[in-house]
There are 2 protein chains.
Amino acid sequence: MKRDLPKNQPNSLNDYQVKEDSYECSITTDIAVFGYVDNQLKILLTKRTVGNFTDHWMLPGGALQAEETLKDCAQKILFALTGFESIHFEQVKAYSEVDRHPTKRVITISFYALVKPENHPLTLKSGVEQIDWFDLDNIPTNLGFDHNRIIRDAHQFFKKNLKDTLVVGELLPQKFTLPELQNLYENILGLELDKRNFRKRIFQMDILKNTGEKKPGVKGGPMLYSYKDEA
Amino acid sequence: MKRDLPKNQPNSLNDYQVKEDSYECSITTDIAVFGYVDNQLKILLTKRTVGNFTDHWMLPGGALQAEETLKDCAQKILFALTGFESIHFEQVKAYSEVDRHPTKRVITISFYALVKPENHPLTLKSGVEQIDWFDLDNIPTNLGFDHNRIIRDAHQFFKKNLKDTLVVGELLPQKFTLPELQNLYENILGLELDKRNFRKRIFQMDILKNTGEKKPGVKGGPMLYSYKDEA
DNA sequence: ACAAAAGTGTTGCAAATACACCCATGT
DNA sequence: ACATGGGTGTATTTGCAACACTTTTGT
């Protein structure tokens, strides 16, 4: 789709407190990628080789291009910086403080994404100097831009979504045990759950399929489950 | 605050699938203003004298300017189009489909706002050809842009917020009766509530102050309440 | 006096919580 | 054999839903 992108077109609100023309500014997306590693809910941070805050950890993110939606942008950028693909994205919020970027006006729209770390080993893509998973409760306090706040908000949003619908499959291996799932929930929500009540709730939802296998190498011989195929 | 707004600055994601420079585009805010009139939850729509869709009803909205946040923008624009001031705003969502605007690329961030219509009589500000409250369940199906969808989403968001915290004071007169409050809830949520259960819940929350007055001119002589002053 | 709306408690049910022992596996 | 973690059921509480009559006021 090719379009005309006229700048300085008259603003439709041109009668009151009028700025003479419509202002344009850069837009970025920042992505809070949650993963579940070592029985810990983690978030993916990068150090970049170019741009601002090259000496700070920050969320993966980048600028919107002409012919893409915000979600497209987020997906493309995450892929560019990490190679991660086909994962779940949710829009969280727009940040527009005028001084949130040190040198120019940039508005960002944040997303969160869930990944199965098993499927996505970390590699250094170009433009990325370092990349790593950080424990959610042990994040550097001096992330670039306003990314500490963006992470807080994204986590909040994620928790809220968890209660309604629960698409957490992306965080776990294909086959997982119930204690693993419970631990994940506890990590996301930041509280302890009762084992028996948790199992009851999950089974009532009828979303898991018992694979019949037991997980080897772990005491107790827990059953492995997978998500049911949807119809 | 004066800032340098360089265009065509190198994009920090300049290694993969790189567009040569950072793209800039217009940003608007659209505001879904909910009001409560004639025992009906309503939404405020306008017909504008300039811009696109001048022959369609649409949400109040307009372009972001250089030195304001999105919320500032929404407040300023709503004031410009209606005169409404000091009311409650919540950010809802960003819309970025590339063809959502007929002639150029525009991203919008939607807000919802709650007003006491009693305090805000409708007047025709410049730039506005018509303005009116519409029953939420009787909105023209051909609003400008994607405003039908924006309203749906905003209403959804409002409902969700209502269950957690409940800032509904902006929709009612200073002093109101419990049946009035209940009717408002029923309108927002789109369902009928049990009178006694409703009163129980509200009183448990301990947010209302009994003014001791009775509302005159209405049968049954209902008590007038107001929100408690916060500490 | 009559009509219309406000106000008031109790009961039943379903969902959430608390709680303790036995079993399977790895070491 | 022993230690570690997995798996199971029940009793209690709590929050939510259903329900009918009396009181107040306007006409």
Side-chain angles (χ1 to χ4, degrees), chain A residues 36-40 159-166 168 172-227, chain B residues 36-40 159-166 168 172-227:
Chain A
Y36 182 63
V37 190
D38 302 332
N39 279 8
Q40 270 281 338
K159 278 201 263 188
K160 211 167 174 177
N161 277 9
L162 184 65
K163 287 171 190 168
D164 310 338
T165 56
L166 27 165
V168 203
L172 288 168
Q174 213 77 46
K175 299 174 182 179
F176 51 89
T177 70
L178 273 176
E180 283 169 349
L181 183 64
Q182 178 176 344
N183 186 291
L184 171 58
Y185 267 71
E186 291 177 334
N187 267 281
I188 296 170
L189 298 174
L191 43 84
E192 303 218 323
L193 302 173
D194 180 274
K195 207 201 308 184
R196 286 175 279 195
N197 296 334
F198 178 78
R199 301 172 74 89
K200 222 182 301 173
R201 280 222 318 275
I202 297 292
F203 285 134
Q204 274 174 4
M205 292 180 199
D206 193 38
I207 49 175
L208 295 189
K209 190 170 55 190
N210 189 330
T211 64
E213 307 165 50
K214 292 191 174 188
K215 179 155 187 170
V218 50
K219 300 179 180 180
M223 277 293 185
L224 283 166
Y225 295 84
S226 66
Y227 276 86
Chain B
Y36 182 63
V37 190
D38 303 331
N39 280 8
Q40 271 280 339
K159 278 201 263 188
K160 212 168 174 177
N161 277 8
L162 186 63
K163 286 170 192 169
D164 311 338
T165 54
L166 27 165
V168 204
L172 288 169
Q174 214 77 45
K175 298 175 183 180
F176 50 88
T177 69
L178 272 175
E180 282 169 351
L181 183 63
Q182 177 176 347
N183 186 292
L184 170 58
Y185 266 71
E186 291 176 336
N187 268 280
I188 296 170
L189 299 173
L191 42 84
E192 303 219 323
L193 301 173
D194 180 274
K195 205 199 312 182
R196 285 175 279 195
N197 296 334
F198 179 77
R199 301 171 75 88
K200 224 182 299 172
R201 280 221 318 275
I202 297 291
F203 285 135
Q204 273 174 3
M205 291 180 202
D206 192 39
I207 50 176
L208 295 189
K209 191 170 53 189
N210 190 329
T211 64
E213 307 165 49
K214 292 190 175 191
K215 179 157 186 170
V218 50
K219 299 178 181 180
M223 277 293 185
L224 284 166
Y225 295 84
S226 66
Y227 278 87

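From a predicted model like this one, the values you see are computed outputs, not experimental measurements.
- Taking the six-membered ring for Trp and thresholds of 30 and 60 degrees, A:Y227 and A:F176 have ring planes inclined between 30 and 60 degrees apart.
- In this structure, CD of A:Q204 is placed 10 Å from C1' of C:dA16, rounded to the nearest angstrom.
- The aromatic rings of A:F203 and A:Y225 sit tilted, their planes meeting at an angle between 30° and 60°.
- Proximity of A:N187 to A:Q40: side-chain heavy atoms (C-beta onward) are separated by under 4.5 Å at one or more points.
- The nearest pair of heavy atoms linking A:L193 to A:E186 is N-OE2, 2.9 Å.
- For the pair A:L208/A:L181, a side-chain contact is recorded, criterion being any heavy-atom separation below 4.5 Å from C-beta on.
- Atom CD1 of A:I202 is separated from atom C1' of C:dA15 by 15 Å (rounded to the nearest Å).
- By the 4.5 Å heavy-atom criterion applied to side chains, B:K214 and B:M223 are counted as neighbours.
- Between the NZ atom in B:K200 and the CZ atom in B:R196 there is a gap of 8.5 Å [rounded to 0.5 Å].
- Taking atom CZ of residue A:R201 and atom C1' of nucleotide C:dA18, one finds them 14 Å apart after rounding to whole Å.
- When the local axes at the two ends of the helix from C:dA1-D:dT27 to C:dT27-D:dA1 are compared, using 5 base pairs at each end, they differ in direction by 10° after rounding to 10°.
- Put simply, CD on A:E192 is 14 Å from P on C:dC19, counting in whole angstrom units.
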Using a 4.0 Å heavy-atom cut-off to protein, can you give one letter per nucleotide of nucleotides 20-27 of chain C, 5' to 3': B if the base is in contact, S if only the sugar-phosphate is, - if neither? B---BBS-

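- In terms of modelled atom types and a separation under 3.5 Å, the side chain of A:Y36 and the main chain of A:E180 share a donor-acceptor contact.
- Protein chain A contacts DNA chain D over a range whose 5' and 3' limits, counting nucleotides with an atom under 4.0 angstrom from a non-hydrogen atom, are D:dT4 to D:dT10.
- Atom CD of A:E213 has more than 12 heavy atoms from other residues, nucleotides or ligands within 6.0 Å.
- Look at CD on B:E180: it is 10 Å from P on C:dG7, rounded to the nearest Å.
- Contact between A:N161 and B:K160 at its shortest, heavy atoms only, is OD1-NZ, 4.2 Å.
- Atom CD of B:Q182 and atom C1' of C:dT8 are 14 Å apart (whole Å).
- Between A:Q182 and A:D194 the shortest heavy-atom distance is NE2-C, 4.0 Å.
- If you check every strand for non-hydrogen atoms under 4.0 Å, A:R199 touches a base.
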